[in-house]
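Read the structure below first, then the notes.
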Amino acid sequence: MNDQPERWTQATVYPDMWADPDDDPRNSEGTSPDGEFATLLDFLTNYRMTLRMKCEGLDPEQLARRSVPPSTMSLLGLLRHLAEVERDWRNWITDGDPLPKLYGARDSDFLGALAEQAVVDGAYADLEREQAATDAALAEHPDLGERVGKDKISIRELLVHRIEEYARHCGHADLLRECVDGRVGQ
């Protein structure tokens, strides 16, 4: 007996895709963005959208389902983790006191990812709020070469790091989603 779900995709055109090209909200019509800043933001937007897509249609139990022991990783944990990370990136921009952690001690973002609708709703609200706040803080610094915060990190480095963080966790989300219900696709 096999407890693993059967692999499937919603796509009918390309079997390795998440959805058909016409149904994929990441596919934009027209030309690519002009300039480095706009290009970086476009990549970030697409990775953020990918993470949300990987979580769509799942109930709280499925979102909170852990990968493999001893890992505490889950899709819900990733949502909470990225909300925490967005907040922390704002700490890199400022010279002031750091913002407090959203979820408490280290790994609380994953450990507190409980299969409860209120926790799921809170994670989505936290992520949306923290993304908007970090986006607004970075919008005040349109020069990618500008160095900010106590460590004098460049805005370019911060944006690239954000893209890297989402990209890495979208890879985790691919595997987590496949373990939950068998759905595959990029």
Side-chain angles (χ1 to χ4, degrees), residues 18-19 21 24-56 63 71-113 120-177 185-186:
W18 184 257
D24 192 331
R26 298 168 296 181
N27 290 343
S28 60
E29 298 297 323
T31 60
S32 60
D34 287 329
E36 185 180 4
F37 197 89
T39 299
L40 291 171
L41 290 179
D42 188 56
F43 271 86
L44 178 62
T45 297
N46 283 328
Y47 280 122
R48 285 174 169 176
M49 199 178 310
T50 299
L51 179 67
R52 286 185 175 270
M53 290 167 65
K54 293 294 177 171
C55 296
E56 282 178 354
L63 287 168
S71 176
T72 59
M73 192 175 291
S74 66
L75 288 165
L76 180 56
L78 287 177
L79 294 171
R80 289 166 50 96
H81 171 70
L82 286 164
E84 190 77 77
V85 170
E86 287 281 355
R87 175 173 278 222
D88 191 48
W89 283 324
R90 287 200 315 283
N91 288 332
W92 294 11
I93 298 170
T94 184
D95 290 323
D97 291 333
L99 296 165
K101 295 279 188 193
L102 281 175
Y103 305 113
R106 181 180 170 94
D107 292 334
S108 293
D109 40 2
F110 288 103
L111 296 173
V120 171
D121 294 344
Y124 278 112
D126 290 344
L127 182 59
E128 188 174 317
R129 181 189 66 247
E130 297 302 322
Q131 286 173 338
T134 303
D135 290 347
L138 283 171
E140 295 177 19
H141 305 280
D143 177 1
L144 290 172
E146 181 183 357
R147 296 197 170 271
V148 295
K150 294 173 186 166
D151 295 332
K152 300 299 180 204
I153 187 170
S154 75
I155 296 299
R156 178 181 290 102
E157 183 179 352
L158 185 55
L159 279 171
V160 170
H161 184 71
R162 290 172 83 197
I163 293 165
E164 180 271 335
E165 185 84 9
Y166 276 91
R168 184 166 53 95
H169 290 312
C170 282
H172 295 135
D174 283 340
L175 297 172
L176 288 163
R177 180 63 188 251
Q186 60 179 13

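Residue numbers count from 1 along this sequence.
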Indicate yes or no: at least one non-hydrogen side-chain atom of [X] is less than 4.5 angstrom from one of [Y].
| X | Y | result |
| --- | --- | --- |
| Asp126 | Tyr103 | yes |
| Phe110 | Leu78 | yes |
| Arg90 | Glu130 | yes |
| Leu144 | Leu40 | yes |
| Leu79 | Leu75 | no |
| Phe37 | Ile155 | yes |

If you measure from [atom1] on [X] to [atom2] on [Y], what distance do you get to the nearest 0.5 Å?
| X | Y | atom1 | atom2 | value |
| --- | --- | --- | --- | --- |
| Arg177 | Leu175 | CZ | CG | 13.0 Å |
| Leu82 | Trp89 | CG | CH2 | 6.5 Å |
| Met53 | Asn46 | CE | CG | 9.5 Å |
| Leu44 | Thr39 | CG | OG1 | 12.5 Å |
| Leu158 | Asp151 | CG | CG | 11.5 Å |
| His81 | Ser108 | NE2 | OG | 13.0 Å |

Nearest heavy-atom neighbours spanning [X] and [Y]:
| X | Y | answer |
| --- | --- | --- |
| Ser74 | Ala113 | OG-CB, 3.9 Å |
| Pro98 | Lys150 | CD-NZ, 4.5 Å |
| Val120 | Leu76 | CA-CD1, 3.9 Å |

Flag yes if more than 12 heavy atoms outside [X] fall under 6.0 Å of its [atom1] atom; otherwise flag no.
| X | atom1 | answer |
| --- | --- | --- |
| Tyr124 | OH | yes |
| Glu128 | CD | no |
| Asp95 | CG | yes |

Can Leu102 and Arg129 be said to form a side-chain contact (heavy atoms from CB on, under 4.5 Å), step by step?
CA-CA 12 Å; Leu102 281 175; Arg129 181 189 66 247; 3.5 Å; yes

Salt bridge (charged side-chain N to carboxylate O under 4.0 Å, His left out): pairs with one or both residues in residues 34-56, sequence neighbours excluded:
Glu36-Arg156, Arg48-Glu86, Arg48-Asp135, Lys54-Asp174

Flag, side chain of Arg87 to backbone of Lys101, donor-acceptor distance under 3.5 Å
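The answer is no, because no donor-acceptor pair under 3.5 Å joins these two groups.
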
Arg80 backbone acceptor or donor facing Asp109 side chain under 3.5 Å
no

Using the ring of each side chain (for Trp, its six-membered ring), is Phe43 parallel, tilted or perpendicular to Tyr47, with breaks at 30° and 60°?
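It falls in the tilted class, 30° to 60°.
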
Can His161 and Glu157 be counted as having a side-chain donor-acceptor contact under 3.5 angstrom?
no

